[in-house]
Each structure stands twice: as C-alpha cells, then as structure tokens.
Amino acid sequence: MRRIALALLLAGAALAHAETPEDRLSGVFAAIESNEIETALARVEGLLRDYPNFRLAHLVRGDLLLARSRPLQTFGNVVKTVPQERVEGLREEALARLRARQRPADDLLPRYVLQLHPGQKHAFVVDSRRSRLYVYANDDGRPRLIADYYVTLGKNGVEKTRQGDQKTPVGVYHVTANLPRSKLTDFYGSGAFPINYPNEWDKRLGRNGHGIWLHGVPREVYSRPPRASDGCIVLANPDLESVGRYVQVGQTPVIIADEVEWTAAAELEAERSSLAAALEQWRADWASRDTERYLSHYSKRFASGKQDYSRWAAHKRQVNAAKRWIKVDLSGVAMFRYPRERDFVVVAFAQDYRSDGLSNVIKKRQYWIKEDGRWKILYEGAA
C-alpha cells in the first residue's frame, strides 16, 4: 500500500512539473538563439508529434528546415504561395510567446490588485500588449503570481465600446458562469467562462455589447494569433482547462489592461491602506447618523440607477432622520484599481446593516475616485 501511495505521489509530482507545449517551444527558441539548429529541429518535431495542430510549431519547423541551406532571418520565411496574413499572425504569436519568457520581476506586482477578500482564491490580470493572462493567488489578501498563459484578444485591439467592434474591453470584471464543452459548439473548445461586460461603469459611459468570454479553440488548432477574436479572451484548450481550475463563478476577478502597470509591494500597500481608511470612515460616519458627514464621502458626480447626487442626498437625509440608531458592519472587502483610469477603484464587500427599522445583509459594489486628494464615491449598488 505504501509503495502504491508513493508511486501515485511521484506521478502527481511529475505531472505538476511536466513541460507545457509553450515550455517546449521556448526550448526550441533557446536552441535557435544558440544556433543549435539540429537540436531545435529535433525539439520542434517532438512537439509536433504530441501536438500536430500547433500551427506555429509547423511554421518554426519549416523555418528550421530552410535554415539548413541559408541563414535564419525571421519567423515565417516561407514561399510566397502561403497567405501572408496567416504567416503574419503566426509571426506575431511567436514574438508574443518570446516576449513572455521575460516574466515580471519577483518584487513587482500589478497595480490593480489592491486587496482580495478571504473567499477569493485567485485573480486574473490580462496584459493586452503582451497577449498574456497572469494568475495571482490570494496570499493573505495580497496577490502572488503562480502562473501565466498566452492569450488571443480582439481583432481590433482593446477598449470595447459597442456591439460588433471586435474589441476586448478594458476594466475590472468577474466570471459569471462556467459553460462546459457539452453545451457549446466546437468553436469554443474546452469550454467558456463569461464575464460581466458591460459592468456598471461601462453602462454609465454608454458602452454596449455582450458575450465577452474566456474560452478555448476548435480542435483543429492549438492556438490562435494574438489578435483574432471578436473581443473574447481565447486560450489554448489545455491552458483553458488549467485556468478553469482557478475559477470561482461570481468571485474570480478578471482585470483587463491595455498594458499592465507594475509597482512595488510597499507602494501597493500604501494605496490599499489609504482607500481602506476612507472606506472605514464612510462606514463610521454612516453609523454615527451624521448625515452631512456621511454624504461628504460622495462625489457631486455620483449616480446610481436613476438617482444623481441630489436625489441620493435627499433620500438619505429623509431615511437617516427617522432612525434612532444605525449599525453597519463590512466584511469580505475586495479592492481593484481600474486600468487606464487615474485613481479609480472598484470596491466590493458584504454589508450588514441594522437599525431600529431595518436589518439586512447585501453584497455591495462601489466605485471610488480621488477628487482634490480625497477618495469619493462615484457609484454604489448591489453586487
């Protein structure tokens, strides 16, 4: 029995450390850089035996065969009869995968993940320019990089604004469902994970469209070029299956940036502490029943549903005036800085509200922005 257990343990360890197709392709690139053409050719042929649908590997193999008779100058040095748009897409994929070999420094973190709540096990950060999805584990509320994957994004780039523009949105989202392969056509590969585009901020800015998913690829291909989707985030099927193990529907944040901003952990902690203090003061001022002090936390540009700041303030003055006591507790606080926007953060939490006339617990989402050096609330609503 002990021998069987040990064998299973060793097999599991080997599987956990098995080279991915991208790792193996990286080994091919390393051999090319060392001018070891025959070694590179042997490695890429082994890769193609295991993954015959890996089109980029076929392109590299063709280049290596040509390199036996002439110097290798670029990827996709093929005959003119091959459609150049197809070659260009594979060339861009090769360059994206090459760039990914330089991972972020260990002492740098994405500026967006300020705080994960205890129930959120992982966060996804997508870097459009690098065609990369980074997976961060929740390490006592702080992000820790554990994996990264090549991804395909929209044909026309990022910053989606309307239906059919073939762009990938930029913003803070979360996974809303898990759609298995059995419920989809082969186009989506191993499955799909829809995200909540358009979110509240997108709608406020007049952005529309729908159906932005993380999904796989058809069986006939291993991966797609960096810019080839209608706006979705597309992964190779083995990669999607790996990413799927990290997903918690309704919980996992997906932060999509045109280019990830990296920062030191100390700077990230300072930003988190600043916002956490503002959130706590908002909670305390609400519980104090000092309505004007409570309302001072809201931007004059505040809007939620059909209520602007004036209507919101009038409603809160009326409600709070009728209360003899209020108690507010917050838990499960998560904070994510919005890509591209300046000093703009999405905050989500569970709110336990009690007063002499009402008791309820709801999940709430707020958008905070810094105005004149102070954090203010732009939006508030149920999460």
Side-chain angles (χ1 to χ4, degrees), residues 112 114-120 141 171-174 176 196 198-206 250-251 253 269-338 341-383:
Y112 318 114
L114 296 177
Q115 180 171 307
L116 292 161
H117 73 65
Q120 288 173 314
V172 177
Y173 304 96
H174 62 266
T176 60
N196 68 318
N199 62 23
E200 300 90 352
W201 186 243
D202 293 317
K203 292 173 183 176
R204 177 163 169 172
L205 295 178
Q251 297 265 32
E269 178 60 25
E271 292 183 351
R272 188 204 67 80
S273 297
S274 170
L275 187 58
L279 181 66
E280 168 56 23
Q281 192 60 57
W282 166 81
R283 184 207 63 80
D285 289 344
W286 188 8
S288 75
R289 294 171 51 242
D290 186 330
T291 303
E292 297 312 309
R293 206 164 62 190
Y294 162 74
L295 289 172
S296 72
H297 294 279
Y298 291 83
S299 168
K300 293 298 190 293
R301 295 184 290 149
F302 174 86
S304 180
K306 296 181 179 180
Q307 289 185 315
D308 59 10
Y309 174 80
S310 296
R311 290 184 178 181
W312 177 267
H315 171 70
K316 287 298 180 180
R317 288 187 182 106
Q318 181 181 14
V319 170
N320 289 358
K323 303 296 183 184
R324 290 177 295 174
W325 59 272
I326 295 174
K327 182 174 176 58
V328 183
D329 289 318
L330 309 181
S331 61
V333 178
M335 303 176 182
F336 305 105
R337 179 180 286 276
Y338 222 84
E341 304 285 352
R342 183 175 178 83
D343 294 329
F344 185 48
V345 178
V346 183
V347 180
F349 49 85
Q351 175 185 290
D352 185 350
Y353 173 92
R354 280 171 280 170
S355 70
D356 52 321
L358 177 67
S359 294
N360 67 13
V361 178
I362 64 169
K363 291 184 178 180
K364 183 174 280 189
R365 183 174 295 116
Q366 296 176 328
Y367 289 77
W368 290 70
I369 192 167
K370 193 172 279 188
E371 294 181 341
D372 298 323
R374 184 184 172 191
W375 287 107
K376 297 288 187 78
I377 300 168
L378 267 179
Y379 165 87
E380 182 176 314

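Along the sequence shown, residues are numbered consecutively beginning with 1. For clarity, every value in this text was computed on a predicted model and none was experimentally measured.
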(request) Decide yes or no for I326 and Y294: does some side-chain heavy atom of the first lie under 4.5 Å from some side-chain heavy atom of the second? (result) no

(message) Nearest 0.5 angstrom please: Q351 CD to Q366 CD, how far?
(response) 8.0 Å

(request) For K370, enumerate each residue passing the salt bridge (Lys or Arg N to Asp or Glu O under 4.0 Å) test, keeping only those at least two apart in sequence or located in another chain. (result) none

(message) Rounded at 0.5 Å granularity, tell me how far CE in M335 sits from CG in L114.
(response) 7.5 Å

(message) What's the separation between atom CD in E380 and atom CH2 in W282, rounded to the nearest 0.5 Å?
(response) 5.0 Å

(request) List for me each residue that meets side chain to side chain contact (heavy atoms under 4.5 Å, CB included) alongside E200, sequence neighbours excluded, and say none if there are none. (result) R365, Y367, Y379

(message) Suppose we screen for side chain to side chain contact (heavy atoms under 4.5 Å, CB included). Which residues come up paired with Q251, at least two apart in sequence or across chains?
(response) H117, Q120, Q248

(request) Indicate yes or no: at least one non-hydrogen side-chain atom of L295 is less than 4.5 angstrom from one of F302. (result) no

(request) Could I get the full list of side chain to side chain contact (heavy atoms under 4.5 Å, CB included) partners for D356, not counting sequence neighbours? (result) K323, R324, W325

(message) Using the side-chain hydrogen bond (donor to acceptor under 3.5 Å, both in side chains) criterion, which residues pair with N199? Sequence neighbours excluded.
(response) Y338

(request) Compare every heavy atom of D202 with every heavy atom of Y173, then report the nearest pair and how far apart it is. (result) OH-OD2, 2.9 Å

(message) Which heavy atom of P118 sits nearest to which heavy atom of G332, and what is that distance?
(response) CD-CA, 4.3 Å

(message) For the CZ atom of F336 and the CD atom of Q115, what is their distance to the nearest 0.5 Å?
(response) 9.0 Å

(message) Do W368 and D343 have side chains that approach each other closer than 4.5 Å (heavy atoms only, starting at C-beta)?
(response) no

(request) Would you please name every residue forming a ring-ring contact (aromatic ring centres under 6.0 Å, His included) with W375, sequence neighbours left out? (result) none

(message) Are R283 and F349 packed together at the side-chain level, in the sense that at least one heavy-atom pair is separated by less than 4.5 angstrom?
(response) no

(message) Under the rule for side-chain hydrogen bond (donor to acceptor under 3.5 Å, both in side chains), what residues qualify as partners of H315, not counting sequence neighbours?
(response) none

(message) Between R354 and D329, does any side-chain N to carboxylate O distance fall below 4.0 Å?
(response) yes

(request) Enter the distance from L279:CG to H297:NE2 here, rounded to the nearest 0.5 Å. (result) 9.5 Å

(request) Please identify each residue that fulfils salt bridge (Lys or Arg N to Asp or Glu O under 4.0 Å) with D308, with sequence neighbours left out. (result) none

(message) Is the shortest side-chain heavy-atom distance between P198 and L205 below 4.5 Å?
(response) no

(message) My understanding is that only residues two or more places apart in sequence, or in another chain, count here; which of them pass side-chain hydrogen bond (donor to acceptor under 3.5 Å, both in side chains) with Y112?
(response) none

(request) Sequence neighbours left out, what passes side chain to side chain contact (heavy atoms under 4.5 Å, CB included) with R301? Give chain and number order. (result) R204, S299, I369, E371, L378

(message) Would you compute the distance between atom CH2 of W312 and atom CD of Q307 and round it to the nearest 0.5 angstrom?
(response) 6.0 Å

(request) Using side-chain hydrogen bond (donor to acceptor under 3.5 Å, both in side chains) as the criterion, list what pairs up with R289, not counting sequence neighbours. (result) none

(message) Which residues pass the salt bridge (Lys or Arg N to Asp or Glu O under 4.0 Å) test with R317, not counting sequence neighbours?
(response) E292

(message) Any non-hydrogen side-chain atom of K316 less than 4.5 Å from a side-chain atom of Y298?
(response) no

(request) May I ask you to decide if E271's main-chain N or O and S274's side chain share a donor-acceptor pair within less than 3.5 Å? (result) no

